[in-house]
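Here the structure comes first, spelled out in structure tokens, and everything after it is commentary.
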Amino acid sequence: MAVVRWSGVEQDARRHRRARRRLLLLLPLALLAAGCGNDEDSLAPKSHASSDIASLFWWMMGIAWVGLAVVVALMLVAWRRARRRAGDRPDDPKGGEQTAWRVVLGAGVAFPILLIAALFVVADIFVIGTTQAPAKGATDLTIRVTGHQWWWEVRYPGTPAVTANEIHIPVRTAVRVEVATADVIHSFWVPQLNRTIDTIPGRRNAVELYADAVGRYRGQCDEFCGLQHAHMAFYVVADRPAVFRRWLANQARPARRPATAEARRGRRLFVTGSCGDCHSIRGTAATSDVGPDLTHLATRTTLAALAIPNDRRHLADWIENAQRVKPGNQMPDMRLGSSRLQALLAYLEGLK
């Protein structure tokens, strides 16, 4: 009996082939999962605009699968006929050739052109129109969002309210969102609420935000914009109208006065130190707009554009080690020392 001995190279080659086969089997699942995150699922629409987009996707997907099935069926028919006729001369070669050309021109050229044209017309008339932003003056609420590397500045015109990375809107209300950029091209996208829209330098584009139900919807920059592109996310929070009005009224107020001696010390450190060189807190001498406005920092659920939660431990880590948490951002590592850090934390946690 012969014994087959595999060399190390041959064994490695076999392992690599098995790994490639497994990867090919998992690739379709990965592609399906790519657009179906927990709170970024573009196929779980929560507005009329995203519902139309999802419906168009499923129609296109269904037609594509039907087309694939037709092509595979024709290939199988041709293969079976070729096997039956192997070695035989066709009775009518010219007739068979003419039939083949008709199939190619009809199913391969005319039908795809008509189908693509029909999808274009449907998308242009029935989908694009529903995703457009309301005209100026056609809605009671307009929000201005500016993309930065790598965070989102949010302003509510007509009020002094300024926040970052969290957009609040009233539920079941058409909101006009005007987007711009402070540096490079970004792309504003809330998959469950509407399509993506680019922020172009020197230009302001607009899109509608409308939510069918109260909830929190995750958005993301959809255009590669640098090192921390993947960590340039935001939340859209849809509240009941009364809750939204209370939230907006609070955001429009200046910062609260510190309640304790340690918090007052923290405010002095913020205003006179390097924090005030980059950030603004309304009601203080800190008025810089390099980084996010921190007037109501404690009301936000996350820090660093959703990179970390907004709690005392993560806030301290962000102040001390911002470059480790989010490499490449404009905030330096502060290294304040324990006493000054605790005072600054006491002040920032009171900004509600």
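Note that this is a predicted model, so its numbers are computed, not measured.
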Are [X] and [Y] linked, directly or through other ILVMFWY residues, by side chains that come within less than 4.5 angstrom of each other?
| X | Y | answer |
| --- | --- | --- |
| Tyr156 | Val171 | no |
| Val162 | Val154 | no |
| Val72 | Met61 | yes |
| Leu345 | Ile308 | yes |
| Trp318 | Trp151 | no |

Do [X] and [Y] come within less than 4.5 Å of each other through their side chains, counting heavy atoms only?
| X | Y | value |
| --- | --- | --- |
| Gln330 | Cys278 | no |
| Glu178 | Arg144 | yes |
| Ile143 | Val175 | yes |
| Phe234 | Thr302 | no |
| Arg324 | Asp333 | no |
| Asn194 | Ile53 | yes |
| Tyr235 | Arg218 | yes |
| His48 | Tyr210 | yes |

Q. Does the distance from a Lys or Arg side-chain N to an Asp or Glu carboxylate O, for Asp198 and Arg203, drop under 4.0 Å?
A. no

Backbone N or O of [Y] within a donor-acceptor pair of the [X] side chain at under 3.5 Å?
| X | Y | value |
| --- | --- | --- |
| Lys326 | Ala304 | yes |
| Thr139 | Arg176 | no |
| Glu349 | Ala298 | no |
| His229 | Glu223 | yes |
| Gln192 | Pro45 | no |
| Gln323 | Gly328 | yes |
| Asp212 | Ser47 | yes |
| Trp150 | Cys225 | yes |
| Asp222 | Ser187 | no |

Q.
Centre-to-centre under 6.0 Å for His168 and Phe244, is that the case here?
A. no

What are the two closest heavy atoms between [X] and [Y], and how far apart are they?
| X | Y | answer |
| --- | --- | --- |
| Leu315 | Leu303 | CA-CD1, 3.6 Å |
| Ala252 | Pro160 | O-CG, 3.2 Å |
| His148 | Asp183 | CA-OD2, 3.4 Å |
| Ala213 | Ala238 | O-CB, 3.8 Å |
| Thr146 | Thr181 | CG2-C, 3.9 Å |

If you measure only the distance, is there a donor-acceptor pair under 3.5 Å linking the side chains of [X] and [Y]?
| X | Y | value |
| --- | --- | --- |
| Arg265 | Gln342 | no |
| Gln251 | Thr299 | yes |
| Glu166 | Thr301 | yes |

Using 0.5 Å steps for rounding, measure from the [atom1] atom of [X] to the [atom2] atom of [Y].
| X | Y | atom1 | atom2 | result |
| --- | --- | --- | --- | --- |
| Leu209 | Phe188 | CG | CZ | 5.0 Å |
| Arg155 | Thr163 | CZ | OG1 | 11.0 Å |
| Ile169 | Leu248 | CD1 | CG | 13.0 Å |
| Cys275 | Met331 | SG | CE | 6.5 Å |
| Leu297 | Tyr347 | CG | OH | 10.0 Å |
| Arg282 | Leu294 | CZ | CG | 11.0 Å |

Q. Is the number of heavy atoms from other residues, nucleotides or ligands under 6.0 Å of Arg312 CZ greater than 12?
A. yes

Q: Classify the angle between the aromatic ring planes of His279 and Phe270 as parallel (below 30°), tilted (30 to 60°) or perpendicular (above 60°).
A: tilted

